[in-house]
Amino acid sequence: MAPSISTVRLGSDGPVVGAQGLGCMGMSEFYGDTDDDSARQTLDAALSAGVTLFDTADMYGQGDNERFLAPFVRAHRDDIVIATKFGSVRAADGSMSISNDPAYIRRAVDASLTRLGIEVIDLYYMHRRDPAVALADSIGTMADLVQAGKVRHLGLSEVTGDELREAHAHNPISTVQSEWSLFTRDIERGLVPAAAELGVGVVAYSPLGRGFLTGALPSEFTAGDVRSRFPRFTGENAQRNTALLHPITTIAAGRGATPAQVALAWLHQRRAVHDLTVVPIPGTRRPNRLQENLAALELTLTADELARLEPIAAQVTGDRYPDMTETSNARET
């Protein structure tokens, strides 16, 4: 039985959501074979357990993820917060580019609304920052979407602290989304202090290090699993990073928990450390994993356990992405 989930507000005037959300990307692609029936059961189980934040993007499955979520979103429209994103553009051949152009933003929001089958998006993120477009122009266009009733709250993904401050000066930003976990703590240097200063909530994606922190990665990735191209998951990097799991697995064994629960509990306790709202969105396609992840809300790590986990991130080898130019956090200082 999943624990009862408390609610938090993302930012000073953002949406109220369950303290842990659900990342839906893997229900359509990126992590190997998908199973629509299991994914639907996971969505229903999440809502029943009190999860209200469901996260997608227009580029997941080239729109298929939004289309897959549409029946669920429409059936529970008043009970959930649906977040989606624009800015990462995929060509037919799979190549990627970034666009923050105002005309593109206006087309993208209408396309997402159509795919989701709804009239307003609860939380709309700029997925990646294009430095070739003035931030004021992009944020101004996003603010226009709020005025037009197409979007309720604005968010940014993978930006620096300075970019968040600049954007927030043009229009209130409720939420920033970035990778944050025991393996990835770059944002604590710049983005997290800025978010705390401005009263902006943080949504943490890949809080389990894309599965690495569960200690249960497959020995070989299946076809279509993007992790086979990520430096942290391959060769000597994978061997070295696996060794870093020892304190996590040891703490988990001592507490009768799983490594995933320890990793998520650590992230939930960042809220007190940094004095801001933190909502992890672990992704899963299976109801039993969902229940396991939610049980992390009942686990509080001791000061000694936190101290044992502290050195891990600094020892991780390998970049987050095959090409670090894909994320603006490579610029975070």
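Quick caveat, the model's predicted, so the values are computed rather than measured. The first residue in the sequence is number 1, and the count goes up from there.
- In this structure, R285 contributes its side chain and D36 its backbone to no donor-acceptor pair below 3.5 Å.
- The line from CZ of R165 to OG1 of T160 is 8.5 Å long, rounded to the nearest 0.5 Å.
- The CD1 atom of I173 lies 10.0 Å from the CG atom of L198; values are rounded to the nearest 0.5 Å.
- Proximity of L264 to Q20: side-chain heavy atoms (C-beta onward) are separated by under 4.5 Å at one or more points.
- Looking only at side-chain heavy atoms (C-beta outward), L208 and N293 come within less than 4.5 Å of each other.
- Of the listed residues (L154, V202, L53, V203), just one forms a side-chain contact (heavy atoms from CB on, under 4.5 Å) with T175, and that residue is V203.
- Residues S88 and M96 share a closest heavy-atom pair of CB-CE, 3.7 Å.
- A continuous path of Ile, Leu, Val, Met, Phe, Trp and Tyr side chains, each step under 4.5 Å between heavy atoms, connects L306 with L245, placing both in one hydrophobic cluster.
- The hydrophobic cluster containing V133 does not contain L164, counting ILVMFWY residues as joined when their side-chain heavy atoms lie under 4.5 angstrom apart, directly or transitively.
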Could you check L43 against L69 for side-chain contact (heavy atoms from CB on, under 4.5 Å), going step by step and ending with a plain yes or no?
CA-CA 9 Å; L43 292 171; L69 290 172; 3.8 Å; yes
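- Closest approach of G18 and T52 over heavy atoms only: N-OG1, 2.8 Å.
- For E179 against T184, the heavy-atom pair with the smallest separation is OE2-OG1, 3.4 Å.
- Donor-acceptor pairing under 3.5 Å is recorded for the side chains of D55 and Q177.
- In this structure, the side chains of S206 and S181 stay at 4.5 Å or more apart for every pair of heavy atoms.
- The side-chain hydrogen bond (donor to acceptor under 3.5 Å, both in side chains) contacts involving residues 138-155 comprise D110-K150, D122-R152, where partners must be two or more places apart or lie in separate chains.
- For the pair I139/L156, a side-chain contact is recorded, criterion being any heavy-atom separation below 4.5 Å from C-beta on.
- Each of T302, L301, T250 was compared with R308 under the side-chain contact (heavy atoms from CB on, under 4.5 Å) criterion, and only T250 meets it.
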Set out, in order, the CA-CA distance, both residues' side-chain angles and the distance that settles side-chain contact (heavy atoms from CB on, under 4.5 Å) for L244 and L182, then state yes or no.
CA-CA 10 Å; L244 299 177; L182 279 168; over 6 Å; no
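- Taking the six-membered ring for Trp and thresholds of 30 and 60 degrees, W180 and W266 have ring planes more than 60 degrees apart, a perpendicular arrangement.
- Cluster annotation: F72 and V120 are assigned to distinct hydrophobic clusters (Ile/Leu/Val/Met/Phe/Trp/Tyr, side-chain heavy-atom contacts under 4.5 Å, transitive).
- None of T114, T56, T84 except one satisfies the side-chain hydrogen bond (donor to acceptor under 3.5 Å, both in side chains) rule with E66; the exception is T84.
- Between the side chains of D58 and S112, not a single donor N or O lies within less than 3.5 Å of an accepting N or O.
- Note that the CE atom of M142 and the NE2 atom of H170 stand 12.5 Å from one another [nearest 0.5 Å].
- A side-chain contact (heavy atoms from CB on, under 4.5 Å) with N288 holds for exactly one of Q291, R286, E292; it is R286.
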Using the rule given for side-chain contact (heavy atoms from CB on, under 4.5 Å), can you reason through R232 versus V316, listing the C-alpha separation, both sets of side-chain angles and the distance that settles it, and then say yes or no?
CA-CA 8 Å; R232 291 185 177 180; V316 173; 3.6 Å; yes
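- Between F183 and I312, some side-chain heavy-atom pair lies under the 4.5 Å cut-off.
- With contacts defined as side-chain heavy-atom distances shorter than 4.5 Å, the pair S178/L191 qualifies.
- Relative orientation of the Y60 and H127 rings is perpendicular, given thresholds of 30° and 60° on the angle between their planes.
- Note that CG of D130 is 9.0 Å distant from OG of S97, once rounded to the nearest 0.5 Å.
- Closest approach of S174 and D13 over heavy atoms only: CB-OD1, 4.4 Å.
- What you find for G211 and T214 is that their closest heavy atoms are O-OG1, 2.6 Å.
- The closest side-chain heavy-atom distance from R128 to M59 is not below 4.5 Å.
- Using a 4.0 Å cut-off between charged nitrogen and carboxylate oxygen, D44 and R40 do not count as a salt-bridge pair.
- L113 contributes atom CG, which lies 7.5 Å from atom OH of Y124 (distance to the nearest 0.5 angstrom).
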Return a table of donor-acceptor pairs under 3.5 angstrom between the side chains of residues 271-281 and protein atoms on other chains or two or more places apart.
residue, atom, partner, partner atom, Å
T277, OG1, R9, O, 3.2

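- Between the CZ atom in R255 and the CG atom in L299 there is a gap of 5.0 Å [rounded to 0.5 Å].
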Hey, mind stepping through D137 and N100 against side-chain contact (heavy atoms from CB on, under 4.5 Å) and telling me if it holds?
CA-CA 9 Å; D137 293 341; N100 295 168; over 6 Å; no
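- Ion pairing between a basic and an acidic side chain is recognised when a charged N comes within 4.0 Å of a carboxylate O; R77 and E119 show no such pairing.
- Remark: the backbone N or O of N237 is paired with a side-chain donor or acceptor of N241 at under 3.5 angstrom.
- Cluster membership check: F68 shares its hydrophobic cluster with I118, using side-chain heavy-atom separations under 4.5 Å among Ile, Leu, Val, Met, Phe, Trp and Tyr.
- Residues A143 and N171 share a closest heavy-atom pair of CB-OD1, 3.4 Å.
- Taking the six-membered ring wherever Trp is involved, the centroid distance between the rings of F86 and Y125 does not fall below 6.0 Å.
- Residues L47 and I80 form a side-chain contact, since some pair of their non-hydrogen atoms from C-beta on lies under 4.5 Å apart.
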Decide yes or no on salt bridge (Lys or Arg N to Asp or Glu O under 4.0 Å) for E310 and R185, but give the supporting numbers first.
CA-CA 10 Å; E310 184 65 24; R185 298 178 60 179; 3.2 Å; yes
